[in-house]
Structures are given as structure tokens and as C-alpha cells.
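Report on one structure; see the data block that follows.
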Amino acid sequence: MEILYGFGFLILFIVAAICGVALRVRLHEDHLSQGNMDALRLVTGLLVTFAALVLSLQLSTGKQAFDAANKDRSLYAARLARLDQCLRNFGTEMEPARRILRQYTAAVIASTWTSEPAPVVDGMPDISKIAASGEDQGLKALINEVGLMVDGLTSSDALHTNMAARCRNDYTLVQESRWAVIEDANGVSRGSFSRIVSVWLALVFLSFGLQIPRKMLGAVVLTIGVVAVASVMFVIIDLHIPYGGMFGITSSAMREALADMTR
């Protein structure tokens, strides 16, 4: 989808620039006087400055949101592996909980990164029935079952009492990270913002088409500007979709956590 947005921006700006060039050809010379062109350059300069500020701010915000989502995913993987290690240390009676945790982790990987080969874990749920985004009830049931088993930990000595408390704390941290990752995966809707900024930039390129000389060098410079600005808009949209596109978060952290669980 973000690639379609990128091509859409590119086509819009090209059309706006061509309309500006065509309009200049049709206008009477009186409309292209020095005074009118100076006024046009003033307005264009205002639009360019405002658009540059907004684009730089949105690019910075998008990068920060992407970095936060990437950090949340890595932290989630680490906490899943830590919970599994705690259950392993507690004893063999927690093997059923560890098995469910492995099934849950494998299902999360397979449902999040659908274009990659899915990990194979015995008893994992059907991936086709897992929701692509938001909270999935099947995955919720799995992790909740692990939580019930953790809450039911009983101990006969001080060592296992402390380990049970640590496992419960680890499970709480897993739940916190799980919700953070769910919210990150939803991304941020850029629809209204993209439409408004696209109109500003289309007006800018329309103005450029009116002002630029009808020479080959002028056309090349205008084309470079169109491609550069369209690519910036593409990057902004792509960064706000953390699990897709060119800059998507990789599955390496989650796969390493699953590999650690199966050792």
C-alpha cells in the first residue's frame, strides 16, 4: 500500500508541474510580467518554507515512532525468553506452560511476518485464523493460559518461592510488552495529513511549472525536485507502518527468542 502511495505522490506532483508548464504557454504575456512573477515567487517561497518545516517534523516523528516500535518488539522478545527461562528453572512441572509459550511465540511470528517462512512448533494454532492486526482472541487465550499456570505455582522451599515470584513478575512484563507491540502494530493513520500536504506540494509544483524556463535543464531540475519530494512522502508513510514496506521491523529478535526456548 505504501508503494502505491509513493507512486500516487509522484504522479500527482508530475501532473501539477506539467499543468503549470501548460498554463504558462496559454497565459498572455501581460500575466507573466516581472511584478506578477515576483509575487508568485513570494507565495511559492512561503509554501515551500511551510511544507519543508512540516515534512521535516513528520519525518522526525515517523523515525521516532519506528524506533520505539522496534525497541518494543526487541524488548517483548527478550521478556518472552526470560519468562521461558524462569519456567525452565522452576522445574519439569512447568513444561506444559513452556510448550504453550513456544506455540504462542511461533504463532506471533507466523502471523506478523506472513511473507517469511513460518516456524514449526507442535500444537501451534492455525495461522489462517489469526487476526492480521490488533488483539487476536486465540493468541490472547494462549498467553492467558500461561498466566493461569504461572499464578498456580506452588513452592515447598524458599528458593521456589522466590522463583515463583520472579516468574509472575516476568509474566506481568510480558503482558505489558504485548500491549505495547499491539499498539505499535496499528501504526498511525496518515490519511488526512497526506492529503493536505499533497495539496500544498501540488500547488508548489504548479507554481514551479509556471516559473521554470522552457529549457531541457529546467525540465531536468523540476523532475529531480518531484522525485525527491515524492520519495520523502513515501518514507514518511512507510515509517508509520512498522511491520511492512521497505523499513519494516525484522523478525530476528522473536525468532532468536523462540530458538532459545527450544534449546
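As a basis for the values below, the full set of heavy atoms in this structure was taken, side chains included, without hydrogen atoms, waters or symmetry mates.
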- request: Might you point out which heavy atoms bring Ile130 and Pro125 nearest each other, and give the distance in Å?
  value: CD1-CG, 4.3 Å
- line: Nearest heavy-atom contact between Asp184 and Ala69 is OD2-CA, 3.4 Å
- prompt: What pair of heavy atoms forms the shortest contact from Gly218 to Ile212, and how long is it?
  reply: O-CD1, 2.6 Å
query: Any chain of hydrophobic side-chain contacts (each under 4.5 Å) joining Val227 to Leu201?
result: yes
statement: Here the pair of heavy atoms bringing Pro119 nearest to Leu258 is CB-CD2, 3.7 Å
- request: Scan Val235, Ile241, Ile236 and name whichever one has a side-chain contact (heavy atoms from CB on, under 4.5 Å) with Leu239.
  value: Val235
message: Would you say that Thr44 contacts Phe208 through its side chain, given a criterion of any heavy-atom pair below 4.5 Å between the two side chains?
response: yes
field: Criterion side chain to side chain contact (heavy atoms under 4.5 Å, CB included) on Val197 and Met233, from CA distance to verdict
entry: CA-CA 9 Å; Val197 176; Met233 291 293 293; 3.9 Å; yes
task: Take Val150 and Val146, measure what side chain to side chain contact (heavy atoms under 4.5 Å, CB included) needs, and give me the verdict at the end.
output: CA-CA 6 Å; Val150 171; Val146 174; 4.3 Å; yes
- prompt: How about Val181 and Arg178: do any of their side-chain heavy atoms sit closer than 4.5 Å?
  reply: no
query: Would Trp200 and Ile237 show up in the same hydrophobic cluster when neighbours are defined by side-chain heavy atoms closer than 4.5 Å?
result: yes
- request: Using a 4.5 Å cut-off on heavy atoms from C-beta on, say whether the side chain of Met163 contacts that of Ser155.
  value: no
Spacing of CD belonging to Gln175 relative to CG belonging to Leu83, to within rounding of 0.5 Å: 10.0 Å
Qualifying residue for side-chain contact (heavy atoms from CB on, under 4.5 Å) with Phe205, from Ile18, Val15, Leu12, Val229: Val229
- prompt: Just by distance, with hydrogens left out, do Ser207 and Gln211 show a side-chain donor and acceptor under 3.5 Å apart?
  reply: yes
- prompt: Do Ser111 side-chain atoms and Val108 backbone N/O form a donor-acceptor pair below 3.5 Å?
  reply: yes
message: Looking at His160 and Thr154, would you say the former's side chain and the latter's main chain have a donor-acceptor pair under 3.5 Å?
response: no
message: Could you check whether any side-chain N or O of Trp113 sits under 3.5 Å from a backbone N or O of Tyr243, counting only pairs where one atom can act as donor and the other as acceptor?
response: no
- request: Answer yes or no: is there a donor N or O on one side and an acceptor on the other, between the side chain of Ser74 and the main chain of Asn70, under 3.5 Å?
  value: yes
message: Run Asn89 and Met94 through side chain to side chain contact (heavy atoms under 4.5 Å, CB included) and show every step you take.
response: CA-CA 9 Å; Asn89 292 339; Met94 294 309 297; over 6 Å; no
- prompt: Are Leu173 and Phe90 linked, directly or through other ILVMFWY residues, by side chains that come within less than 4.5 angstrom of each other?
  reply: no
- prompt: Is there a donor-acceptor pair under 3.5 Å between the side chain of Tyr76 and the backbone N or O of Lys71?
  reply: no
- request: Check whether any side-chain heavy atom of Met254 sits under 4.5 Å from a side-chain heavy atom of Leu80, and report yes or no.
  value: yes
query: Taking all non-hydrogen atoms of both residues, which atom of Phe9 and which atom of Ser198 are closest, and how far apart?
result: CE2-OG, 3.0 Å
message: Taking Met216 as the starting point, is it possible to reach Ile224 by hopping between hydrophobic residues whose side chains are less than 4.5 Å apart?
response: yes
query: So, does Ser60 use its side chain to make a donor-acceptor pair with the main chain of Ser56 at under 3.5 Å?
result: no
task: Mark yes or no for whether Asp151, through its side chain, and Arg168, through its backbone, hold a donor-acceptor pair below 3.5 Å.
output: no
- prompt: Do Ile196 and Phe13 share a hydrophobic cluster, counting only Ile, Leu, Val, Met, Phe, Trp and Tyr and linking them when any side-chain heavy atoms are less than 4.5 Å apart?
  reply: yes
Pairwise side-chain contact, Arg73 with Thr250, heavy-atom cut-off 4.5 Å (strictly under): no
- prompt: Should Asp84 and Arg88 count as an ion pair when the cut-off is N to O under 4.0 Å?
  reply: yes
query: To the nearest 0.5 Å, what is the distance between CE (Met149) and CZ (Arg98)?
result: 13.0 Å
message: Nearest 0.5 Å, please: how far is CD in Gln103 from OG1 in Thr105?
response: 10.0 Å
message: Rounded to the nearest 0.5 Å, what separates atom CG in Asn144 from atom CD1 in Ile100?
response: 10.5 Å
- prompt: What closest approach, in Å, do Ile143 and Tyr171 show between heavy atoms, and which atom pair accounts for it?
  reply: O-OH, 2.9 Å
message: Has Asp238 got a side-chain atom pairing as donor or acceptor with Met246's backbone, closer than 3.5 angstrom?
response: yes
field: Pair Leu87-Cys167, side chain to side chain contact (heavy atoms under 4.5 Å, CB included): steps then yes or no
entry: CA-CA 7 Å; Leu87 296 176; Cys167 289; 4.2 Å; yes
- request: Return yes when atom CG of Asp122 has more than 12 non-hydrogen atoms of other residues, nucleotides or ligands closer than 6.0 Å, and no otherwise.
  value: no
- prompt: Has the side chain of Thr262 got a donor or acceptor atom that lies under 3.5 Å from a matching backbone atom of Ala259?
  reply: yes
- request: Using salt bridge (charged side-chain N to carboxylate O under 4.0 Å, His left out) as the criterion, list what pairs up with Lys63, not counting sequence neighbours.
  value: Asp67
- request: Find the distance between CG (Leu210) and CG (Leu23) and round it off to the nearest 0.5 Å.
  value: 5.0 Å
field: Pairwise distance CG(Leu75) to CZ(Arg82) - rounded to 0.5 angstrom
entry: 10.0 Å
query: Quick check: does any side chain N or O of Ser177 sit under 3.5 Å from a backbone N or O of Val174, one acting as donor and the other as acceptor?
result: no
